[in-house]
Protein chains: 2
Amino acid sequence: MKLPEAKNQFISSWGAFGTHWGINRTMAQIHALLMISADPLTQDDIMEELEISRGNVNMNIRELISWGLVERVILPGERREYFNAEKDIWKVATQIIRERKKRELDPMLKLLAQLENIDGDKKDKQVKQFTETVSGIRKFGKHADQVLELMVKADENWFLGNLLKLLK
Amino acid sequence: MKLPEAKNQFISSWGAFGTHWGINRTMAQIHALLMISADPLTQDDIMEELEISRGNVNMNIRELISWGLVERVILPGERREYFNAEKDIWKVATQIIRERKKRELDPMLKLLAQLENIDGDKKDKQVKQFTETVSGIRKFGKHADQVLELMVKADENWFLGNLLKLLK
DNA sequence: CTTTATTTTCAAAATATTTTGAAAATTCAA
DNA sequence: TTGAATTTTCAAAATATTTTGAAAATAAAG
């Protein structure tokens, strides 16, 4: 397979992959394109390569920047802005984990804490099941939170190396 | 807070949570409802509780069954089918991991393997960056695959207990 | 300042997803 | 069998999301 075809395949499946993770297709495609580009690209490069509108590129680029996955690059003597993606996949993953934790897990845990103590007969079957389910999810979430916290702080090889050694 | 209000809050935020994970809102809400119900429910119970149509309930219930998160229950002497959700959150999580691994991670790894060897000048900057990115993602994916595999097979306390002890 | 290149915004259009509800299929009891 | 209860299907409608593109805003150069 030649580079252009491989590029297209990668971009397209990274895009599809993204949709399963609550990320829109185009944002994931732009991310994919930037990850495999040796040099930073302009908005126009991206528009042309992915055949999408300027507004679309602009919005999704800004979203990628807010996720900490892409940075603006100013090349000396150039008027236009360039965009560059973090290419170290470990950094990409920890950055995504960090953001999703902040945006989703933390608020969920906060809510569950509130729901754990409800008024009513603790002997009642429905009350009991509700409390048990909520507290089970909360405990699990707290564990996950700790594990993810360690993961984002740890160095790749150290963490996975030790983990796999331990568990083998 | 009283049970009914707490229930609604839980269902509604579990639904919102689901949408961030590529699961549709209603499916997640039905799942939430079944997880906090002490007893199995019928399609009509779910329709009434969530104020949604019969077809909607039916489709999403079947989807939950295909994910292995909900089971059909036949109560003796009852004509109608009842539905019951797995309530052990560890089992729920491992089941979701198992399915998503199968549906998403495995196919992605297969594709990346194909893309790792492309025709062309290995010295070319673009070819080099493409290959590096793809192989980096693939290596990471394979690690993740192993970790998830172990996680799915391990017992909750054993796994998290050891992991946290090691990393503290 | 004025002009021109570039980026950003956002209402409207296009597309995609979800939901409904009624008809068809199935299941079970009599 | 037959018929009533129940479940399933799926085209059409409703809703939600994404994309466009042109106008407004901003930034740099002359």
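Lettering follows sequence order; numbering is per chain, from 1.
- Per the geometry, CD1 belonging to B/Ile65 stands 12 Å off C1' belonging to D/dT7, to the nearest Å.
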Annotated protein contacts, base or backbone, on nucleotides 19-25 of chain C with a non-hydrogen cut-off under 4.0 Å, one of B, S, - each: SBB----
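- The side chain to side chain donor-acceptor pair (under 3.5 Å) contacts involving residues 110-119 of chain A comprise A/Glu116-A/Arg138, where partners must be two or more places apart or lie in separate chains.
- Between the P atom of C/dT9 and the CD atom of A/Gln43 lies a distance of 11 Å, rounded to the nearest Å.
- Note on B/Arg72: a side-chain N or O is less than 4.0 Å away from OP1 or OP2 of D/dT8.
- Distance CG (A/Asp44) to P (C/dT6): 8 Å, rounded to an integer number of Å.
- Between B/Phe17 and B/Trp21, the two ring planes are tilted [angle within 30° to 60°].
- To the nearest 0.5 Å, the span separating CD1 on B/Ile137 from CE on B/Met108 amounts to 7.5 Å.
- Atom-to-atom distance recorded for A/Leu50:CG and A/Arg25:CZ is 12.5 Å, nearest 0.5 angstrom.
- A pairwise comparison of heavy atoms in A/Leu111 and B/Gln9 identifies CD1-OE1, 3.1 Å as the closest pair.
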Where protein sits on nucleotides 24-30 of chain D, one letter per nucleotide: B base, S sugar-phosphate only, - none, heavy atoms under 4.0 Å: ---BBS-
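- Rounding to the nearest 0.5 Å places CD of A/Glu99 at 9.5 Å from CD1 of A/Ile96.
- Per the geometry, CZ belonging to B/Arg80 stands 14 Å off P belonging to D/dT8, to the nearest Å.
- A tilted orientation is assigned to the rings of A/Trp14 and A/His31, their planes being inclined by 30° to 60°.
- Spacing between atom CD of B/Gln29 and atom C1' of C/dT18 amounts to 12 Å, rounded to whole angstrom units.
- Using a 4.0 Å cut-off between a side-chain N of Lys or Arg and a carboxylate O of Asp or Glu, A/Asp121 and A/Lys128 do not qualify as a salt bridge.
- The CD1 atom of B/Ile61 sits 11 Å away from the P atom of D/dT7 (whole-angstrom rounding).
- In this entry the distance linking CD of A/Glu81 with P of C/dT6 reads 11 Å, nearest Å.
- Between B/Asn58 and the phosphate of D/dT8, there is a side-chain N or O to OP1/OP2 separation shorter than 4.0 Å.
- Separating the CD1 atom of B/Ile23 from the P atom of C/dT18 is a distance of 11 Å, rounded to the nearest angstrom.
- Contact check for B/Glu86 versus B/Val92: side-chain heavy atoms found under the 4.5 Å cut-off.
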